[in-house]
Number of protein chains: 2
Amino acid sequence: MSRTEKVRVLIAEDQALIREGIATLLSQQNDDFEMLPGAADGEQAIEFARRYRPDVILMDLQMPRVDGIAATQRILRELPQTHVVVLTTFETNDLIFEAVSAGAKAYLLKDARIDEIAATIRAVINGQSGLSPSVAARILDEFKRLRGPRVSAKLPVRDGLTARENEILTLIVEGKSNTEIGERLHLAEGTVKNYVSTILEKCQVKNRTELAIKAITY
Amino acid sequence: MSRTEKVRVLIAEDQALIREGIATLLSQQNDDFEMLPGAADGEQAIEFARRYRPDVILMDLQMPRVDGIAATQRILRELPQTHVVVLTTFETNDLIFEAVSAGAKAYLLKDARIDEIAATIRAVINGQSGLSPSVAARILDEFKRLRGPRVSAKLPVRDGLTARENEILTLIVEGKSNTEIGERLHLAEGTVKNYVSTILEKCQVKNRTELAIKAITY
DNA sequence: AAACGAATATGACTTTCGTCATAACCGATC
DNA sequence: GATCGGTTATGACGAAAGTCATATTCGTTT
């Protein structure tokens with residue numbers, strides 16, 4: 001994805017030195033970042049988010065008045081298109097899980113290099129995500145626990161569809177475009193379209209939206 | 001953490017060219033990797049894991065005889081100290097979640113650079129983890145869903161839409177085309193399209209199929 | 001071995017979708 | 001009563017979806 005405008009970045013961090021330092025480094029890092037005035041606590045982060053509508057907020061977690069997690073919740077409820085990247089020194093399970101549940105798109109530790117922070121900002125803008133390796137490990141552990149023991153990994157195959165057709169149906173239900181499906185399955189776009197046509201006919205629907213609805217609803 | 005011995009790496013990948021290529025690149029990358037003979041399918045991966053006791057297995061998912069996920073499960077049950085790093089071209093939710101549940105410590109896509117792969121291998125050896133940015137995003141989404149709503153992560157699917165927009169959303173969810181919607185509401189097709197565009201943006205989705213899915217699911 | 005059908009794969013072509021610029025309308029505010 | 005923000009409305013145009021004809025591969029049947 002290419003953006004014509006600059007990425008508007010807000011830093012919420014109570015220590016002025018760190019706040020200014022990161023802002024300076026980031027603006028040196030690349031000229032496509034527009035650094036907004038820094039927020040010194042959670043309350044101010046909310047206020048500045050409302051006022052400046054940042055694309056990305058670098059959010060510290062331990063801040064006066066309103067902490068970073070509460071600020072994240074309130075900002076995302078009001079401005080859901082904002083991307084919050086947590087940047088903190090602490091990495092307890094509780095903090096990590098709460099931050100992610102609050103809607104943080106990435107969780108970095110303060111020992112991250114500035115180019116990693118910049119790369120993560122670009123990633124979240126593109127709908128991706130970034131986790132420090134040790135944070136990722138904790139998330140994966142909890143993830144496994146939450147999912148519980150798998151019994152049968154097999155998806156119920158939709159009757160009448162071939163294996164290939166089912167693969168494609170699954171991706172359609174995830175909202176993928178034909179191009180994306182083609183890339184994922186190493187098929188030409190034309191091939192995917194043809195599969196879609198076949199599936200549409202078999203399921204007696206007119207277009208992929210109806211198909212997705214039917215597949216979800218049964 | 002510093003290790004005195006080399007890191008013993010096993011590659012399980014059915015395409016010989018890719019297998020040899022990664023092995024060569026990794027051994028050039030750093031002299032602390034000891035590359036074991038490559039496994040061409042899941043069955044062989046299990047056999048070689050038993051024989052060579054690797055520290056890390058780079059595991060492809062789509063392989064003949066036994067797939068990568070089944071191989072991961074069986075290897076980790078027998079040799080739980082092994083670290084499995086998934087390296088694949090596919091990134092469907094199912095594959096990712098199953099791989100993680102099976103015990104994979106990291107999940108990389110094949111477009112990763114060789115130094116990223118090397119860094120991930122070192123990370124998992126140190127009890128950390130590595131996820132490609134797009135994979136991390138999927139994990140975090142599912143993670144949030146599994147933990148359940150903490151506050152009210154309500155997306156502005158119906159709320160935040162005007163009355164007219166909601167009428168149109170309802171018809172989209174019924175699988176209607178823009179022409180059909182226009183006839184029903186006595187609007188020009190162009191007008192309907194414009195409404196659809198607005199709704200897509202408000203709901204933060206890329207196309208009407210995703211929109212229908214989100215409207216049904218939430 | 002030849003014939004056959006089902007599954008898989010592809011590209012040319014038409015239709016539908018989605019974006020963008022633009023404008024009329026209306027209630028609120030100054 | 002002029003201005004402003006939000007809703008409603010429209011069409012031109014490039015992008016994506018869907019149709020159709022066609023080809024290959026592979027297991028099964030004759």
Side-chain angles (χ1 to χ4, degrees), chain A residues 1-5 50-51 53 78-81 126-127 155 157-215, chain B residues 14 62 64-65 89-90 156-215:
Chain A
M1 188 204 278
S2 60
R3 295 168 55 93
T4 48
E5 308 121 40
R50 282 202 192 101
R51 190 183 309 165
R53 306 296 173 101
E78 205 171 316
L79 305 163
Q81 74 286 1
N126 291 317
L155 277 174
V157 177
R158 281 83 153 185
D159 295 344
L161 298 187
T162 68
R164 202 57 159 164
E165 287 164 354
N166 256 301
E167 277 186 285
I168 287 173
L169 174 54
T170 301
L171 292 170
I172 288 175
V173 172
E174 286 175 22
K176 301 297 177 221
S177 70
N178 290 335
T179 311
E180 290 172 324
I181 295 173
E183 282 168 2
R184 190 77 53 84
L185 302 182
H186 304 292
L187 294 175
E189 190 192 352
T191 308
V192 177
K193 289 178 181 177
N194 191 40
Y195 273 114
V196 173
S197 269
T198 310
I199 300 171
L200 291 180
E201 196 187 357
K202 282 190 181 178
C203 296
Q204 302 178 69
V205 292
K206 290 196 309 298
N207 55 56
R208 62 168 53 210
T209 304
E210 263 195 278
L211 179 63
I213 295 162
K214 195 161 196 167
Chain B
D14 57 337
Q62 38 287 151
R65 295 208 288 177
T89 42
F90 297 95
V157 176
R158 293 280 176 176
D159 299 344
L161 297 187
T162 68
R164 203 58 158 164
E165 287 163 356
N166 255 304
E167 279 186 284
I168 287 173
L169 174 53
T170 301
L171 292 170
I172 288 175
V173 173
E174 287 174 19
K176 302 290 182 238
S177 71
N178 290 335
T179 312
E180 289 171 326
I181 296 173
E183 283 168 4
R184 182 77 64 88
L185 302 181
H186 305 291
L187 294 174
E189 190 193 351
T191 308
V192 178
K193 288 178 180 177
N194 191 39
Y195 275 116
V196 174
S197 267
T198 310
I199 300 171
L200 291 179
E201 196 188 357
K202 283 190 180 178
C203 296
Q204 302 179 274
V205 292
K206 289 197 309 298
N207 55 56
R208 62 168 54 209
T209 305
E210 263 195 277
L211 178 64
I213 295 163
K214 198 160 200 168

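First the proteins, then the strands, lettered A, B, ... as listed; each starts at 1.
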> Could you run down nucleotides 21-26 of chain D 5' to 3' and tag each one B, S or - for protein heavy-atom contact under 4.0 Å?
Replying inline: B-----
> How do A:Gly190 and B:Arg164 order along DNA chain D: which one's closest nucleotide is nearer the 5' end?
Replying inline: B:Arg164
> Side chain of A:Val196: nearest nucleotide among C:dT10, D:dG18, C:dC17?
Replying inline: D:dG18
> How long is the span from the CD1 atom in B:Ile213 to the CD atom in A:Glu174, to the nearest 0.5 Å?
Replying inline: 8.5 Å
> Taking the side chain from B:Lys214 and the backbone from B:Val205, do they hold a donor-acceptor pair closer than 3.5 Å?
Replying inline: no
> Within the structure shown, what part of the strands sits under 4.0 Å from A:Ser197 by heavy-atom distance: base, sugar-phosphate, or nothing?
Replying inline: base
> Given atom NZ of A:Lys202 and atom C1' of D:dG18, what is their separation to the nearest angstrom?
Replying inline: 17 Å
> Atom CD1 of A:Ile181 to atom C1' of D:dA16: distance rounded to whole Å?
Replying inline: 12 Å
> Atom CD1 in B:Ile199, atom CD1 in B:Ile172: separation rounded to 0.5 Å?
Replying inline: 5.0 Å
>> Donor-acceptor check, side chain of A:Glu180 to backbone of A:Ser177, threshold 3.5 angstrom: yes or no?
In response: yes
>> Would you say that more than 12 heavy atoms from the other residues, nucleotides or ligands in this model lie under 6.0 Å from the CZ of A:Arg53, or not?
In response: no
>> Nearest whole Å is fine: how far is C:dT8 P from A:His186 NE2?
In response: 16 Å
> Does the distance from a Lys or Arg side-chain N to an Asp or Glu carboxylate O, for B:Glu210 and A:Lys176, drop under 4.0 Å?
Replying inline: no
> Any idea which of C:dT16, D:dT10, C:dT10 is nearest the A:Thr191 side chain?
Replying inline: C:dT10
> Roughly, in whole Å, what's the span from CG in B:Asn207 to C1' in C:dT16?
Replying inline: 13 Å
> Which listed nucleotide (D:dA16, D:dT10, C:dC17) is nearest to the side chain of B:Arg208?
Replying inline: C:dC17
> A:Leu211 has an atom CG; how far is it from atom P of D:dA17, in whole Å?
Replying inline: 13 Å
>> From CG of B:Asn178 over to C1' of D:dA15, roughly how many Å is that when rounded to an integer?
In response: 14 Å
> Expressed in angstrom and rounded to an integer, what is the separation of A:Glu165 atom CD from C:dA7 atom P?
Replying inline: 7 Å
>> Counting only side-chain heavy atoms from C-beta out, which of D:dA9, C:dG18, C:dA9 sits nearest to B:Lys193?
In response: C:dG18
Could you pull out every donor-acceptor pair under 3.5 Å between side chains of residues 181-197 of chain B and any protein atom, sequence neighbours left out?
none

> For DNA chain C, what string of dots and brackets results from 5' to 3' when Watson-Crick and G-U pairs need both distances under 3.5 Å, crossing pairs get [ ], and pairs with another strand get |?
Replying inline: ||||||||||||||||||||||||||||||
> What is the distance, rounded to the nearest whole Å, between atom CD of B:Glu189 and atom P of C:dT16?
Replying inline: 8 Å
> Say you draw a straight line from CZ of A:Arg208 to CG of A:Leu169; how long is it, rounded to the nearest 0.5 Å?
Replying inline: 10.5 Å
>> Which heavy atom of B:Gly175 sits nearest to which heavy atom of A:Asn207, and what is that distance?
In response: O-ND2, 3.4 Å
